[in-house]
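Lettering of chains follows the sequences in order, A, B, ..., and the numbering in each one begins at 1. Just so we're clear, the structure is a prediction, and the values are computed from it rather than from any experiment.
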2 protein chains.
Amino acid sequence: MAKVDTSLVAHLPLFAGMTPEALDEILREARSARYPKNSAIFEQGADAQSFFLLLHGHVRAAKTTPAGEQIVVRYVTPGETFGLAMAIGAARYPATAMAVDDSVVLIWPTSAWPRLVERFPALAANTLQTVGTRLQESHTRILEMSTQQVEQRVAHALLRLAKQSGKKLDHGIEIDFPISRQDIAQMTGTTLHTVSRILSGWESQGLVESGRQRIILREPHKIVVLAERSVDSGTA
Amino acid sequence: MAKVDTSLVAHLPLFAGMTPEALDEILREARSARYPKNSAIFEQGADAQSFFLLLHGHVRAAKTTPAGEQIVVRYVTPGETFGLAMAIGAARYPATAMAVDDSVVLIWPTSAWPRLVERFPALAANTLQTVGTRLQESHTRILEMSTQQVEQRVAHALLRLAKQSGKKLDHGIEIDFPISRQDIAQMTGTTLHTVSRILSGWESQGLVESGRQRIILREPHKIVVLAERSVDSGTA
DNA sequence: CAGGTAGTTTGCGTTAGCGCAAAACGAGGC
DNA sequence: GCCTCGTTTTGCGCTAACGCAAACTACCTG
């Protein structure tokens, strides 16, 4: 197995409350791998043979309908785990994971999970914590889809991306991985056309600056206002 | 503490892989309580002092926006846990739980959780499993909301309710707890008006029979067809 | 049994956002 | 430097679903 530097990952929530020795033992079971931009890490429906921890880069998890429509479940940022099918007792991946940037991951064989959990119960507790948080976020997303208009949802989505993976600029925040209108549409439950129109509108108001797979929030605060304003208070 | 019969709950996924002694010890920490129909069990935003296991009845978990709009997160059926805020490290309940029928629950103080998990690691693993499954379901719901029309979403919702809490009748399946048009609207991201129109339509086709807070699926199979048909195949 | 309350139905006008289509744009490959 | 392909923009017509309003109905209460 490839040796991984413990100091890089020791602070992650996944390993909270663990001794250096335990951490070392867990890492010994992992190997690391590099996935180039736009390569698939695993496909929805495939045998869940591994689970992953992202070290560098960005990964998009997306779910596809039988008819071929997609939604983006989430963007994985460094330090987060993904592909935890086994934790929920699933034999197959429920989504497809794709590197949107050159990415480096740690990989554990799924078969190692039961043993690791038995030996290090904190692992299950920590994973429960993160999965629980994701469930929360998922409910929030459903709430937004049910109650907000598309423009507000797009505003929220961009703010979240900026918070998660924003690079601070002199004036504004840039989302630091390639993301298309289509991607944002799939995060907010709309079409790329509508997203394009919304961003065009914002651009002409100076709220954002954007181009091919690239978005900079120039006036984050004003976007917060857009995100929070209730439907009918527009002309108030 | 009230004594609870272990045989009633021993088979639940939450207690999978546990010895009778362990189960007994866990149950000793719980008390049971009865909530009458339409009473609140806990409110969104309140201190998460307890977590719950439903023994009898039905509980609706709903999330409210600052503006007062609600969505139904899920209906809890007997044998399921709810109010697991502590598992995700939240100090407050992220939703409101209400008994929709006279209900009986087991209640543990949140403060007992860390101790229980330490003593019985399987508890965390089992909870991870159920929370993971709920996350899956939540993603499926987002996918449906993004890609399907209202009628299909309502069909799916009813089929799920029927599967979860359906009472088999001579001819059809009855959802065996009180549920309003409004509730279904809040499960599917639409309005009670639209749900009412859809059910009226189905009723006139003989697919369902419904009344005040009561729905019977008379032709489950035909509803499955409705749920699965893709958007444009209507006139095919 | 009368009255009130909560849930349901239905009609009608409106519209946010979709779907299609076509053009413009920009980045990478040869 | 040119060509090609994927992304983005924009126009236009359409419709699913909403929002409002009013009537209706079943159940519960006093």
Exercise for the section: Spell out, as yes or no, whether a donor-acceptor pair under 3.5 Å connects the side chain of A:T188 to the backbone of A:I184. Expected result: yes

Practice task
Report the distance from atom CD of A:E203 to atom P of D:dT10, rounded to the nearest whole Å.
Solution key: 9 Å

Problem - Nearest listed nucleotide, side chain of B:T194, among D:dC18, C:dT10, D:dT25 - result: D:dC18

Handout entry: OP1 or OP2 of D:dA17 under 4.0 Å from side-chain N/O of B:T190
Key = no

Problem - Distance in angstrom units between B:Q149 CD and C:dG19 C1', rounded - result: 12 Å

Problem - A:R181 vs D:dT7: side-chain N/O to OP1/OP2 distance below 4.0 Å - result: no

Practice task
Could you check how far CG of A:N38 sits from P of C:dA27, rounded to whole Å?
Solution key: 16 Å

Completion exercise
A:E69 atom CD is separated from C:dC18 atom C1', nearest whole Å, by 13 Å

Exercise for the section: Could you tell me whether the side chains of A:S210 and A:E203 share a donor-acceptor contact shorter than 3.5 Å? Expected result: yes

Exercise for the section: Whole angstrom is fine here: how far is it from CD1 in A:I179 over to P in D:dT7? Expected result: 13 Å

Problem - Residue B:S196, side-chain atoms from C-beta onward, closest of C:dC18, D:dA17, C:dT8 - result: C:dT8

Handout entry: Approximate separation, where rounding is to 0.5 Å, of B:L217 CG and B:K168 NZ
Key = 12.0 Å

Handout entry: Given D:dG19, C:dT8, C:dT10, the nucleotide with the shortest approach to the side chain of B:T191
Key = D:dG19

Problem - 5'-most by nearest nucleotide on DNA chain C - A:R212 or A:V195 - result: A:V195

Exercise for the section: Indicate yes or no for a side-chain donor-acceptor contact from B:T110 to the backbone of B:S50 under 3.5 Å, with no hydrogens or angles considered. Expected result: yes

Fill in the blank from the handout: B:L199 atom CG is separated from C:dT10 atom C1', nearest whole Å, by 14 Å

Fill in the blank from the handout: note: B:R214, atom CZ; D:dC27, atom P; distance rounded to Å ~ 8 Å

Fill in the blank from the handout: Looking only at D:dC18, C:dC20, C:dG17, the nucleotide nearest the A:R197 side chain is C:dC20

Practice task
Go through D:dA17, D:dT9, D:dT7 for me and flag the one nearest to the A:S210 side chain.
Solution key: D:dT9

Handout entry: Stepwise ring-ring contact (aromatic ring centres under 6.0 Å, His included) test for B:F52 and B:F42
Key = CA-CA 10 Å; B:F52 304 80; B:F42 55 79; 5.5 Å; yes

Completion exercise
Here the distance between atom P of C:dC20 and atom CG of A:L192, to the nearest Å, is 12 Å

Exercise for the section: Select one nucleotide: of D:dT9, C:dT8, C:dT9, the one nearest the side-chain heavy atoms of B:S200. Expected result: C:dT9

Exercise for the section: Tell me which nucleotide among C:dT9, D:dA16, C:dA27 gets nearest to the side chain of B:H193. Expected result: C:dT9

